[in-house]
Amino acid sequence: MRFIETFFNGAVMAKYLPDLASAIVTTLWLSAVIVVGGLLLGLALACLRTLGRWYLNIPIVAFADIGRALPPLVVILIFYFGLPGLGINLSGPMVLILVLGGVLAAFAEEIFWAGLTAVSKGQWEAGRATGLSFAQTLFEIALPQAIRLGIPPLVNRALAITKMTALGSVIGVKEILAVSSSAQSFSGSATPLTMAALAYLAIFLPVVILSRLLEKRYAWSV
């Protein structure tokens with residue numbers, strides 16, 4: 001009974017459920033924007049690299065390497081607390097979108113680029129020989145194969161990045177961890193943290209299962 005009272009207190013759950021529901025909505029829309037924006041930016045950068053222009057490749061590679069190397073929390077703190085010193089004030093959600101979307105874009109760019117380089121030179125040449133332009137060869141022949149090859153690692157990386165929305169708790173974003181931590185402090189009960197864990201499971205467990213299915217589906221092409 002003490003375990004139930006500590007982690008599954010019904011009165012505490014009822015009191016803080018509305019706040020947690022609002023936090024779940026915040027986490028969901030932040031995750032959606034981060035994933036869509038990050039993947040599209042990563043795809044665009046990988047496509048630009050196929051042009052073979054050094055003045056494009058150098059900044060793209062630098063962005064990808066730096067984005068994968070820096071801890072997201074450090075960048076979040078710099079953006080949120082440092083940029084106001086330059087007169088640039090960003091909201092907590094905007095900071096999360098820019099930083100986590102950028103991190104995902106850095107990883108996605110390398111994944112897409114790896115898929116594009118895996119397409120044999122002969123297929124590029126065959127596309128051009130049939131009268132397709134470079135852009136048509138890229139988008140109609142190379143890119144569909146690169147996307148197929150990249151689906152499993154992209155899903156896993158997107159899942160890892162979206163779970164980092166919990167870092168928003170350090171800059172006042174009212175996502176799941178921030179709301180549950182605040183509720184735990186006020187209630188003196190661990191129940192809000194249990195509610196947070198269940199909320200994260202409800203959101204991300206289906207994605208984990210989907211990633212496993214995708215890995216099996218495309219295992220032949222990896």
Side-chain angles (χ1 to χ4, degrees), residues 27-72 75-76 94 96-165 167 203-222:
T27 299
L28 286 173
W29 77 258
L30 279 174
S31 299
V33 173
I34 289 167
V35 169
V36 173
L39 292 180
L40 289 178
L41 178 57
L43 180 60
L45 293 176
C47 290
L48 285 176
R49 282 186 71 179
T50 62
L51 297 176
R53 303 292 190 268
W54 65 268
Y55 50 83
L56 292 176
N57 289 352
I58 290 177
I60 290 173
V61 172
F63 168 79
D65 289 347
I66 293 173
R68 291 182 298 156
L70 282 176
V75 184
I76 287 172
M94 181 57 66
L96 279 184
I97 290 171
L98 291 176
V99 175
L100 297 184
V103 172
L104 179 56
F107 281 97
E109 187 278 330
E110 288 298 300
I111 293 172
F112 283 125
W113 177 246
L116 288 170
T117 55
V119 178
S120 67
K121 184 179 179 180
Q123 294 191 54
W124 288 88
E125 294 175 344
R128 300 304 300 276
T130 58
L132 297 179
S133 66
F134 177 83
Q136 289 175 317
T137 303
L138 171 63
F139 290 111
E140 296 180 18
I141 297 177
L143 198 56
Q145 298 180 65
I147 292 175
R148 186 184 69 245
L149 290 169
I151 284 177
L154 284 171
V155 172
N156 287 329
R157 183 53 56 183
L159 175 62
I161 296 299
T162 51
K163 285 190 292 185
M164 292 183 186
T165 52
L167 296 176
I203 293 172
F204 293 113
L205 186 57
V207 183
V208 171
I209 295 173
L210 173 63
S211 68
R212 187 179 298 277
L213 293 175
L214 287 173
E215 285 177 354
K216 291 181 179 180
R217 170 66 177 81
Y218 294 100
W220 65 270
S221 62
V222 176

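No experiment lies behind these values; they were computed from the predicted model shown. Here, residue 1 is the first one in the sequence, and each next residue gets the next number. Worth knowing before you read on, the calculation uses all heavy atoms, side chains too, and leaves out hydrogens, waters and symmetry mates.
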Identify the heavy atoms of [X] and [Y] that sit nearest to each other, and give their distance.
| X | Y | answer |
| --- | --- | --- |
| E110 | A64 | OE2-CB, 3.7 Å |
| Q123 | T137 | O-CG2, 4.5 Å |
| L30 | I97 | CD2-CG1, 3.8 Å |
| L39 | A108 | CD2-CB, 4.1 Å |
| L100 | P72 | CD2-CB, 4.1 Å |
| I60 | L48 | CD1-CB, 3.8 Å |

Within a strict 4.5 Å, meaning less than it, do heavy atoms of the [X] and [Y] side chains meet?
| X | Y | result |
| --- | --- | --- |
| F112 | T50 | no |
| V207 | T162 | no |
| R49 | V61 | yes |
| I141 | L132 | yes |
| C47 | L43 | yes |

Nearest-0.5 Å distance, [atom1] of residue [X] to [atom2] of residue [Y]:
| X | Y | atom1 | atom2 | value |
| --- | --- | --- | --- | --- |
| L159 | L154 | CG | CG | 12.5 Å |
| I203 | T27 | CD1 | OG1 | 5.5 Å |
| R157 | I111 | CZ | CD1 | 7.0 Å |
| E109 | L104 | CD | CG | 12.0 Å |
| L167 | I76 | CG | CD1 | 4.5 Å |

Sequence neighbours left out, what passes side-chain hydrogen bond (donor to acceptor under 3.5 Å, both in side chains) with [X]? Give chain and number order.
| X | result |
| --- | --- |
| R53 | none |
| E125 | none |
| N57 | none |

For F139, ring pair (Phe, Tyr, Trp, His ring centres under 6.0 Å) partners two or more places apart: none
Residues forming a ring pair (Phe, Tyr, Trp, His ring centres under 6.0 Å) with W124, sequence neighbours excluded: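 W124: ring pair (Phe, Tyr, Trp, His ring centres under 6.0 Å) contacts with F134.
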By side-chain contact (heavy atoms from CB on, under 4.5 Å) - contacts of T117 (at least two apart):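 Per chain and number, T117 pairs via side-chain contact (heavy atoms from CB on, under 4.5 Å) with W113.
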